[in-house]
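Report on the structure given below.
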Amino acid sequence: MSRQHEVQLSTWLHEHAAISVMQHDDPWSVEKALIEDGPPLPLNLSMSIHSFRKALSELRRSLGRKPTLPG
C-alpha cells in the first residue's frame with residue numbers, strides 16, 4: 001500500500017472506527033445477537049449474512065487464507 005493510501009486509510013479509521021470493550025459471562029451470545037440484529041459486520045464470516053460475505057471469503061482464499069464459512 002502506498003504512503004498516500006496509508007494516510008487515507010488512517011484518516012478514515014480515525015473518523016469512523018471505534019472499539020468497545022465489555023465483560024460478559026457468555027460473550028458468544030452477545031456476539032451472535034450483534035451479528036444477527038446489530039449493524040452489518042461483513043468481516044465476521046462465521047455468522048454474517050452480509051452480501052459481501054462470499055466475495056470476502058473468495059478474496060481470503062485467493063490470498064491463501066483458509067475461509068471460515070460454515071459447512
Item to check | Pairing residues for S29 by the side chain to side chain contact (heavy atoms under 4.5 Å, CB included) criterion, not counting sequence neighbours | outcome: H24, D26
Item to check | Validation row: L9, L13 side chains within 4.5 angstrom (heavy atoms) | outcome: yes
Next on the checklist: The criterion is ring pair (Phe, Tyr, Trp, His ring centres under 6.0 Å); which residues satisfy it with W28, sequence neighbours excluded?
Outcome noted: none
Item to check | Close side-chain approach of S57 and R61, heavy atoms under 4.5 Å | outcome: yes
Checklist entry - Under the side-chain hydrogen bond (donor to acceptor under 3.5 Å, both in side chains) test, which residues partner S2, sequence neighbours left out? => result H5
Next on the checklist: Going by side-chain hydrogen bond (donor to acceptor under 3.5 Å, both in side chains), name the residues that satisfy it together with D25, two or more places apart in sequence or in a different chain.
Outcome noted: none
Next on the checklist: For H14, give me all partners under side-chain hydrogen bond (donor to acceptor under 3.5 Å, both in side chains), at least two apart in sequence or on another chain.
Outcome noted: none
Checklist entry - Hydrophobic clusters join Ile, Leu, Val, Met, Phe, Trp and Tyr when side-chain heavy atoms are under 4.5 Å apart, directly or via other members; which others share one with V21? => result I19
Checklist entry - If you round to the nearest 0.5 Å, how far is OG1 of T11 from CD of E15? => result 6.5 Å
Checklist entry - Listed by chain and number, what are the ring pair (Phe, Tyr, Trp, His ring centres under 6.0 Å) partners of H16, not counting sequence neighbours? => result W12
Checklist entry - Do any N or O atoms from the side chain of S62 and from the backbone of L59 form a donor-acceptor pair under 3.5 angstrom? => result yes
Item to check | Set of side-chain hydrogen bond (donor to acceptor under 3.5 Å, both in side chains) partners for S10, sequence neighbours left out | outcome: none
